[in-house]
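Computed from a predicted structure; not experimentally measured.
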Amino acid sequence: MSKERYIAAKQQWAEKQRARGITARAEAAPDRLPPGQKLTTGFPVLDLGVQPRIAEQDWRLRIDGLVENPVSLTWSDFNALPQVEDVSDFHCVTTWSKYDCRWGGVAFTTLYELVRPSPDAGFVYFTSYDGYSTNVALEKCLDADVLVATSFNGAPLPLEHGGRARVIIPKLYAWKGAKFVNGITFLAEDKLGFWEVRGYSNTADPWTEDRYA
Ligand SMILES: Nc1nc2c(c(=O)[nH]1)N[C@H]1C(S)=C(S)[C@@H](COP(=O)(O)O)O[C@H]1N2
Ligand SMILES: [Mo]
């Protein structure tokens with residue numbers, strides 16, 4: 001299952017790059033703004049009241065759980081991985097959306113390839129330097145637009161938006177993307193994250209207004 005998703009994600013990536021050259025997406029496209037959302041041109045900041053500033057030499061991204069090759073990546077290890085850019089829309093459950101966010105970093109599929117999850121892994125649990133956590137079904141992470149991002153619109157990711165690195169999962173509400181990420185754990189069973197234990201939806205699909213459980 002995961003393997004097929006992973007291959008499909010790689011194909012989607014190639015198709016998206018090609019499609020971008022042919023047509024720019026229309027702002028007014030009726031299928032672009034999910035129900036109940038309002039478009040913003042600013043970029044609101046949502047956090048738990050702390051923005052942990054991690055020195056380059058202290059930063060780590062641990063990827064573990066049901067994997068053949070657990071890693072603890074340093075900042076230079078991370079930046080030596082293949083880098084990609086992707087433009088996507090951002091939907092916060094508090095009803096604002098922002099179009100055309102240009103994120104740069106490492107594709108989730110690259111990290112998946114690196115650690116080699118076991119066939120039993122079906123869920124991913126993300127943790128952060130500010131104590132935040134969130135959980136996502138593995139298949140939702142294997143889309144080509146899911147990144148661990150370290151840049152935004154061509155500049156290093158600002159601290160308030162989750163620098164040094166944050167997760168971006170454009171097809172889900174933005175709380176599923178951990179800012180200040182420091183851990184990615186592959187699990188056989190789902191484990192609820194910070195907002196999920198507080199009543200937010202586990203699946204978080206903006207298109208069905210799947211906001212609260
Ligand atoms: N570590 C961490 N990640 C987080 C949050 C947080 O409080 N801490 N808030 C989430 C929520 S609710 C949203 S809407 C987005 C906000 O990202 P932004 O501050 O860049 O707009 O980050 C998500 N990731
Ligand atoms: Mo949010």
Q: According to a 4.5 Å side-chain heavy-atom criterion applied to Ile, Leu, Val, Met, Phe, Trp and Tyr, with indirect links allowed, do Phe78 and Val146 form part of one hydrophobic cluster?
A: yes
Q: Who clusters with Leu66? Use side-chain heavy atoms, under 4.5 angstrom, across I, L, V, M, F, W and Y, and order the result by chain and number.
A: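 For Leu66, no cluster forms, as it stays isolated from other hydrophobic side chains.
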Q: Locate the shortest heavy-atom distance separating Thr150 from Ala165; write the atom from each residue and the value.
A: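 Shortest heavy-atom contact: CG2-CB, 3.9 Å.
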Q: Taking the side chain as every heavy atom from C-beta outward, state whether Ile63 and Phe186 have any pair of such atoms under 4.5 Å apart.
A: yes
Q: Could you tell me whether Phe126 and Tyr132 have their ring centroids closer than 6.0 angstrom?
A: no
Q: Could you report the tightest heavy-atom contact between Leu73 and Trp59, atom names first, then the distance?
A: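 Distance-wise, the nearest heavy atoms are O-CZ3, 3.8 Å.
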Q: Enter the distance from Asn202:CG to Thr134:OG1 here, rounded to the nearest 0.5 Å.
A: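 Answer rounded to 0.5 Å: 8.5 Å.
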Q: Could you report the tightest heavy-atom contact between Ile169 and Lys140, atom names first, then the distance?
A: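 Reported closest heavy-atom pair: CG2-O, 4.0 Å.
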Q: Is the shortest heavy-atom distance from the side chain of Phe194 to the side chain of Ser133 under 4.5 Å?
A: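 Phe194 reaches Ser133 side chain to side chain.
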Q: Classify the angle between the aromatic ring planes of Trp103 and Phe152 as parallel (below 30°), tilted (30 to 60°) or perpendicular (above 60°).
A: tilted
Q: Does atom CZ (Arg53) have a neighbourhood of more than 12 heavy atoms from anything else shown, all under 6.0 Å?
A: no
Q: Given side chains that start at C-beta, do those of Pro170 and Asp145 come closer than 4.5 Å, heavy atoms only?
A: yes
Q: Once salt bridge (charged side-chain N to carboxylate O under 4.0 Å, His left out) is applied, do any residues pair with Glu209, and if so which ones, sequence neighbours excluded?
A: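 Partners of Glu209 under the salt bridge (charged side-chain N to carboxylate O under 4.0 Å, His left out) test: Arg211.
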Q: Hey, are Asp89 and Lys98 close enough for a salt bridge, meaning a charged N less than 4.0 Å from a carboxylate O?
A: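 Looking at Asp89 and Lys98, the cut-off is not met.
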Q: Quick check: is Val148 connected to Tyr129 through a chain of hydrophobic side chains (ILVMFWY, heavy atoms under 4.5 Å apart)?
A: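 Yes, it is one cluster - the side chains of Tyr129 and Val148 are joined through contacts under 4.5 Å.
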Q: When the aromatic ring centroids of Tyr99 and Phe90 are compared, is their separation below 6.0 Å?
A: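 No.
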Q: Is a donor from one side chain sitting under 3.5 angstrom from an acceptor on the other, for Ser76 and Asn79?
A: no
Q: What I'd like to find out is whether the side chain of Phe108 reaches to under 4.5 Å of the side chain of Leu142, using heavy atoms alone.
A: yes
Q: Report yes if some heavy atom in the side chain of Asn153 is under 4.5 Å from a heavy atom in the side chain of Arg102; otherwise report no.
A: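 With C-beta onward as the side chain, the pair touches.
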Q: Could you state whether Val45 and Leu48 fall into the same hydrophobic cluster, counting links through intermediate Ile, Leu, Val, Met, Phe, Trp or Tyr residues with side-chain heavy atoms under 4.5 angstrom apart?
A: no
Q: When you compare the side chain of Pro34 with that of Ser97, does any pair of heavy atoms fall below 4.5 Å?
A: yes
Q: Are any non-hydrogen side-chain atoms of Trp96 and Leu46 less than 4.5 angstrom apart?
A: yes
Q: Enumerate the residue pairs fulfilling side-chain hydrogen bond (donor to acceptor under 3.5 Å, both in side chains) with a member in residues 174-187, sequence neighbours excluded, ordered by first and then second residue.
A: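 Those involving residues 174-187 are Asp64-Thr185, Thr127-Asn182, Trp175-Glu196, Lys176-Glu196.
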Q: Identify whether Val106 and Val67 are in the same connected component of the hydrophobic contact network (ILVMFWY, side-chain heavy atoms under 4.5 Å).
A: yes
Q: So is Arg198 actually on top of Tyr200's ring, under 6.0 Å and inside 45° of the axis?
A: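 Checked: cation-pi criterion not met.
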Q: Among the clusters formed by ILVMFWY side chains lying less than 4.5 Å apart, do Leu192 and Leu138 turn up in the same one?
A: no
Q: Over all heavy atoms of both residues, which pair between Tyr125 and Leu187 is shortest? Give the atoms and the distance, please.
A: CB-CD1, 3.8 Å
Q: Would you say that Tyr173 contacts Trp195 through its side chain, given a criterion of any heavy-atom pair below 4.5 Å between the two side chains?
A: no
Q: Restricting to non-hydrogen atoms, name the atom on Leu114 and the atom on Asn69 that form the minimum distance, rounded to 0.1 Å.
A: O-ND2, 3.0 Å
Q: Minimum heavy-atom separation for Glu85 and Gly104, please, with both atom names.
A: CG-CA, 4.0 Å
Q: Starting at OG1 of Thr95, measure out to NZ of Lys38 and round the result to the nearest 0.5 Å.
A: 3.5 Å
